[in-house]
Amino acid sequence: MADPKGFLNHGREVAQTRPVGERVQDWNEVYVPGSLLPIISKQASRCMDCGIPFCHQGCPLGNLIPEWNDFAYREDWSAASERLHATNNFPEFTGRLCPAPCESACVLGINQPAVTIKNVEVSIIDKAWDANDVKPQAPDRLSGKTVAVIGSGPAGLAAAQQLTRAGHTVAVYERADRIGGLLRYGIPEFKMEKRHINRRIEQMRAEGTKFRTGVEIGRDIDAAKLRKRYDAVVIAAGATMARDLPVPGRELKGVYQAMEYLPLANKVQEGDYVTTPVSAEGKHVVVIGGGDTGADCVGTAHRQGAASVTQLEIMPKPGEDRAPHQPWPTFPMLYKVTSAHEEGGERVYAVSTTHFEGDEDGNVQFLHLTEVEFIDGKLTPKAGTERKIPAQLVTLAMGFTGTDRENGLVDQFSLELDERGNVARDAEFHTNVPGVFVAGDAGRGQSLIVWAIAEGRSAARGVDRFLTGASDLPSPIRPTDRSLMV
C-alpha cells in the first residue's frame, strides 16, 4: 500500500487551472501544465488500503486503482503505467473526460474528500508518454480473420485495438473526416487537446489497425455488403440521434443542436476554418440542457466572445451534498461547477422553454420560458412565471435518443432494437445478425466514456471467441451491467 497515514496527513488537492481571463483567450486545456506532478505522489498516498476497494466497482473498467496509486506514491511511473494499461486502453482520455464514478465510490469519501483518482491517472499516463513508455503492441502472429469496426469513438477504438492485438486484421470506418468520433468533434479543445487522440491513432496504426475516414456505412457502403467482406463487424456508431425541442419557433435561424455547433469550433482548431460558420461572438447565447454537453457549449461560447451566456435546466438545482436516496458508494447527482461555469454566465434551474421569438428575417431573438415544479410526479408549469430572455444563438444539449436510423445501417443489417431504441445484443455483445456485434452507446444508450471503453473491450472478447472459438481478452462488463446508481 501507499503511506498508511497519507489520508490523515494530506488533504485533497486537485489540478490547478489557469486564470479565467487567460484561458478564455485561447483553446488550450484549462489546467496549468505540470501543476500536478509536484503534488501527485502525496495525493496518491491518500489511498488508504481500505481492504475492499469499492472504487473498482464504481469504475466499469475495473481499474486497479490502489495498485497504481501505490506505484505513483513511490514514483515508479513505469510500473504505474503498466497497471493502468492493464484495464484501460486510453487513460489519457478518461483521466481528462470521465466524471469519475470511482471517486464517488472511494471509501475515504465516506467522511472525507475522496482520493483524486482522476488526477493520479492522468499524471501517470502523461508521465508515461513523456518517458516514451507507451509502445505499440503488435501481435506475434495474424489469425487470418478480418474485422470491420463502424465508428471511431472510444468504444470503437477500444474494440479495434484489442482485436488488432489479438491478431485479427481490423479496419475502422468513420463517417467524419478524422478519427475520434465525439472525442474529436464533440469534446472542445479546452477539455482535451486533440494531440492526445492523434498519438493514440499513430500507436494503433503501428500495431496494424487500418482507418477509413469519410466513409459512412449505410450510405457510402451498403451494410450487408460490408458484412460479406469481413469475417465479423463491430457496430460502435454511438447514439447520435439528438433529442429535439418541438416548440413554436424551433425552425428559426440561430437554433442549433449542440452537435451542430460544437464540431465547427473544433474544425477551426483543426485548421479547416479561419472562423466558425456559427459563432457566439457578440450574441446573447442560451444553452438548453444542464449536462456536460451543455457545459461544453458554455465554454465554447465564452471563447467566441458571447455577450452573455445562460444555461437552462428543466430539473431543480441539485444539492451540494449527497441526498439520502443516493448513499455512498452510488454516483450522486450533485451541483457541479465545471471549468466552463467558472468562466461566467448564468445557470437557471427548474424552467421549461415554451417557444422562440424571431425577427422579421427569421432570426431567433428571444426565448420564452416558464418555471416548472413537480406535481404528482410530473413537471408542471407554474402559473404567472412566464418570461422571456434575449437569445440570438440557442444550442440544444438535451441528450441523445439512440443510434442513427436515417443512414440505413440498422435496416440494411436487419438489426433488432430493444425497447429503448438501442441495438439489441446478447451476453456476448452479439446482435441478431451472425457475426455482427455492437458496443458502446449504440447498444447501451447515451453513457460515459468509461462505459464505452469497457464495452469496446468486452465486445472484442465476444468477437475473438466468435472468430477463434476461445479468447484470452478481458471482458470487464456484461451488456446488462449498469452504473452504481440508485
Side-chain angles (χ1 to χ4, degrees), residues 17-31 176-178 182-194 242 244-245 249-313 337-348 351 353 355-369 387-398:
T17 55
R18 296 186 289 135
V20 169
E22 172 189 319
R23 69 187 194 231
V24 295
Q25 301 302 316
D26 61 46
W27 293 83
N28 300 329
E29 289 183 5
V30 301
Y31 299 105
D177 58 347
R178 293 180 176 88
L182 288 182
L183 292 172
R184 174 74 63 179
Y185 287 131
I187 302 297
E189 194 85 358
F190 59 82
K191 283 182 67 175
M192 186 180 74
E193 295 171 7
K194 301 306 174 279
D244 213 333
L245 185 63
R250 169 64 180 87
E251 74 288 350
L252 290 169
K253 289 179 285 187
V255 182
Y256 298 93
Q257 288 287 352
M259 290 311 300
E260 295 174 320
Y261 172 63
L262 292 173
L264 296 175
N266 281 0
K267 281 181 169 290
V268 173
Q269 304 310 308
E270 296 281 4
D272 296 343
Y273 299 118
V274 176
T275 59
T276 175
V278 180
S279 177
E281 184 177 3
K283 297 177 180 177
H284 297 289
V285 177
V286 178
V287 178
I288 302 178
D292 289 338
T293 303
D296 293 344
C297 292
V298 170
T300 299
H302 287 319
R303 283 158 179 77
Q304 291 175 347
S308 69
V309 182
T310 305
Q311 187 176 17
L312 307 182
E313 168 60 62
V337 179
T338 70
S339 64
H341 297 129
E342 293 173 351
E343 294 160 3
E346 182 182 6
R347 303 167 76 178
V348 183
V351 293
T353 302
H355 64 282
F356 300 108
E357 178 184 338
D359 60 18
E360 61 275 9
D361 296 321
N363 300 301
V364 66
Q365 294 296 307
F366 295 96
L367 180 148
H368 292 251
L369 56 81
R387 66 183 188 276
K388 69 178 183 179
I389 59 176
Q392 296 162 325
L393 173 64
V394 178
T395 61
L396 308 180
M398 303 180 297

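Numbering starts at 1 and runs along the sequence shown. Side chains are part of it too, since the values below use all heavy atoms of this structure and drop only hydrogens, waters and symmetry mates.
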Partners passing side-chain contact (heavy atoms from CB on, under 4.5 Å) against Thr300 (at least two apart in sequence or in another chain)
Trp27, Pro188, Phe190, Tyr261, Leu262, Ala265, Gln304
Would you say the side chain of Thr310 lies within less than 4.5 Å of the side chain of Ile389, judging by non-hydrogen atoms?
yes
Do Val337 and Arg347 have side chains that approach each other closer than 4.5 Å (heavy atoms only, starting at C-beta)?
yes
Residue Tyr185 excluded, over 12 heavy atoms near OH under 6.0 Å
yes
Can you find a heavy atom in the side chain of Met259 that is under 4.5 Å from one in the side chain of Leu182?
yes
On a heavy-atom basis, the closest approach of Pro390 and Val286 is O-CG2, 3.7 Å
Contacts of type side-chain contact (heavy atoms from CB on, under 4.5 Å), residue Ala306, not counting sequence neighbours:
Ala280, Val285, Ala301, Val309
Are the side chain of His302 and the backbone of Gly344 linked by a donor-acceptor contact shorter than 3.5 Å?
yes
In plain terms, say whether Glu270 and Lys194 are close enough for a salt bridge, that is, a side-chain N and a carboxylate O under 4.0 Å apart.
no
Can you confirm whether Lys253 sits close enough to Val364 that some side-chain heavy atom of one is under 4.5 Å from a side-chain heavy atom of the other?
no
Taking salt bridge (Lys or Arg N to Asp or Glu O under 4.0 Å) as the cut-off, I'd like each qualifying pair that reaches into residues 288-304, sequence neighbours left out, listed once.
Lys191-Asp296, Asp292-Lys336, Arg303-Glu343
Hey, could you give me each pair passing side chain to side chain donor-acceptor pair (under 3.5 Å) that has a residue in residues 274-287? Not counting sequence neighbours.
His284-Ser308
Residue set satisfying side-chain contact (heavy atoms from CB on, under 4.5 Å) with Gln365, at least two apart, ordered chain then number -> Asp359, Asn363, Gln392
Report yes if the side chains of Thr353 and Leu312 come closer than 4.5 Å at any heavy-atom pair, otherwise no.
yes
Applying side-chain hydrogen bond (donor to acceptor under 3.5 Å, both in side chains), name anything that partners Glu342, two or more places apart in sequence or on another chain.
Arg23
Rounded to the nearest 0.5 Å, what's the gap from CE on Met398 to CD1 on Ile288? Could you check?
6.5 Å
Residues Gln257 and Ala242: closest non-hydrogen pair is OE1-CB, 3.3 Å
Could you tell me whether the side chain of Arg18 and the main chain of Asn28 form a donor-acceptor pair under 3.5 Å?
yes
Please check this pair: side chain of Thr338 against backbone of Ala340, looking for a donor-acceptor N/O pair closer than 3.5 Å.
yes
How long is the gap from CZ on Phe356 to CG on Leu252, to the nearest 0.5 Å?
8.0 Å
List in chain and number order the residues that pass side-chain hydrogen bond (donor to acceptor under 3.5 Å, both in side chains) with Gln269, two or more places apart in sequence or in another chain; answer none if no residue qualifies.
none
Measuring only between side-chain heavy atoms, which start at C-beta, is Lys388 closer than 4.5 Å to Leu369?
no
Not counting sequence neighbours, which residues clear salt bridge (charged side-chain N to carboxylate O under 4.0 Å, His left out) with Glu260? List them please.
none
Are Asp177 and Asp272 side-chain neighbours, meaning at least one heavy-atom pair lies under 4.5 Å?
yes
The criterion is side-chain hydrogen bond (donor to acceptor under 3.5 Å, both in side chains); which residues satisfy it with Glu357, sequence neighbours excluded?
His368
I'd like to check the side-chain contact (heavy atoms from CB on, under 4.5 Å) partners of Gln25; sequence neighbours left out, ordered by chain and number.
none
Side chains of Tyr256 and Val394: does their closest heavy-atom pair fall under 4.5 Å?
no
Residues at least two apart in sequence or cross-chain that pass side-chain hydrogen bond (donor to acceptor under 3.5 Å, both in side chains) with Arg250, listed by chain then number, are Asp244
